[in-house]
Amino acid sequence: MKNNTLLKTINILLLFVGLTSVSYAQQRPNVIYIYADDLGYGDLSCYGATKLHTPNLDKLAKSGIRFTNAHATSATCTPSRFALMTGKYPWRKTGTGILPGNAALIIPTDKTTLPQVFKRAGYATAIVGKWHLGLGDSVNKNWNGEIKPGPNEVGFDYSFIFPATADRVPTVFLENHRVVASDANDPIAVDYSKKIGNDPTGKEHPELLKLKSSQGHDNTIVNGIGRIGYMSGGYQARWVDEEVSSTFLFKVEQFITDHRQKPFFLYYALTEPHVPRMPATRFKGTSGLGYRGDDILQLDWTIGQLMKTLELNGMTKNTLIIFTSDNGPVLDDGYQDGAVTLLSGHTPWGPMRGGKYSALEAGTRLPFIVSWPAQVKPGVSDALFSQMDILASMAHLLNQKVPNGDAEDSQDHLDVLLGKSKQGRSTLIEQGSTDPTAIIKGDWKYIKPHPGVAYMKDVGIESGNSPSPQLYNLKDDIGEKNNLANTYPDKVKELDQLLQHEIKL
Ligand code: NG6
Ligand code: CA
């Protein structure tokens, strides 16, 4: 009798456990991963900004979980995006640094990627926005024909992208394998080593620029802005910077409305507030902080439009949204756009030191918001989480197995992502501008001695480089002000060995 009751209780418990994991899969939420470009921890009002007001992202954060210790793997774009797509630390593979606009694809086509996890679960998949992971088999590709492999070959059913960054040629959109509005009579050519064609360059004709450069960015002029790299042709295909954001939003809204009946995964890679900051005319001057601030207000408005689209289609409740950024903030990243002179006390790096290109915390610790009204209770989480873990966590959500040897650094932290646990990663390695020099374990952060300047003058950011070891207790000292390396030599030794060990794996 007693045993019977026990068995019954166990059965009920098992049923309950079974039901909760099945119910995730049965609900099959739409998943939208929104990636801002160079947005800092302190750039949103829900993360403490007082000079900028971002009501739509604040609302999203209120409806879900606002993470305070979530990271990109790296302090620049290409490596962070590589890790997001592959679930692998980018510095394990050479050639994953900031790519030029003519680079070949660097994502392997024979390994599990984030979109493939969704595809295997029967989802429709799409990317809209900035790619910056290379296209085609080689640098010398024909921009006027079919360009592949690219996003479609690594798991996206549909892609509408620009190839690299807004400041790199070619300044065109690609829809699946082709440049949008290309013209056989006006072929596009791209070169990163020498000038081609007759378009004026920023170096030769600074008087033609509507946005002056502060460093580099003086090659081909497109839309009054000097770029990195040279291009010729494709006059109908070249974008107008003021329209890039609304073009992406339009494609996103179209994709969502077309997929009311089937669950989808959408990777929405915004370009704001990366340089060249050139918001739509109606946003110019709205923040009082220059075009960088205006770009962030445009970004926030865009999120509001996206939320309206979901609402209109009755999708709000069962859509899982993750909002974050690819690396920390920078003010002067090569154009004189007022980001420095009009900053007015705004602190894009929040309470931290460093920024883009830096191994200090502001390089990779970023805003990270998760909302899924049907499943996720609102709150704040201080769990250590990496964007690289999304792949394994989504595989868990969708009951998909990741083959051995794929996504080797991606850890399943679905419970953390959904707010059921605050036990995140135990360790995380941080990559500054090039090398993986820092490791976090619990409350401790260690930065190994590294050559290179301590202060990057061009961008006005501390790199985290020092000839001496650095040890910080992030719990008491998120601003990395108090180096405790001399006080805790054993901790330094332990973390140094751990860092070397993980790098060699
Ligand atoms: C740098 C560019 C910077 C930006 C960055 C890539 C110069 C002087 N600086 O080399 O403007 O394009 O690359 O940014 O050219 S990222 O967010 O895509 O990593
Ligand atoms: Ca970036």
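First listed ligand is number 1; within each ligand, the first listed atom is number 1.
When ring centroids are compared, Tyr33 and Phe323 stay outside the 6.0 Å threshold.
The nearest pair of heavy atoms linking Cys77 to His132 is SG-ND1, 3.1 Å.
For ligand 1, the protein residues within 4.0 angstrom (heavy atoms only) are Asp37, Asp38, Thr76, Cys77, Ile98, Lys130, His132, Thr165, Asp167, Arg168, Gln215, His217, Ile228, His274, Val275, Asn327, Asp333, Lys356, Tyr357.
Remark: the backbone N or O of Gly354 is not paired with any side-chain donor or acceptor of Glu462 at under 3.5 angstrom.
The NE2 atom of His177 sits 4.0 Å away from the CG atom of Asn152 when rounded to the nearest 0.5 Å.
Neither side chain, Asn219 nor His217, offers a donor N or O lying under 3.5 Å from an acceptor on the other.
Ring planes of Phe162 and Trp239: tilted class, angle from 30 to 60°.
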Q: Could you walk me through whether Asp58 and Ser45 pass the side chain to side chain donor-acceptor pair (under 3.5 Å) test, one step at a time?
A: CA-CA 7 Å; Asp58 293 4; Ser45 30; 2.7 Å; yes
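Phe67 is linked by a ring-ring contact (aromatic ring centres under 6.0 Å, His included) to Phe368, counting only residues two or more places apart in sequence or in another chain. Phe156 is linked by a ring-ring contact (aromatic ring centres under 6.0 Å, His included) to nothing, counting only residues two or more places apart in sequence or in another chain.
Around the Ca ion (ligand 2), protein N, O or S atoms at less than 3.0 Å comprise Asp37 OD1, Asp38 OD1, Asp326 OD1, Asp326 OD2, Asn327 OD1.
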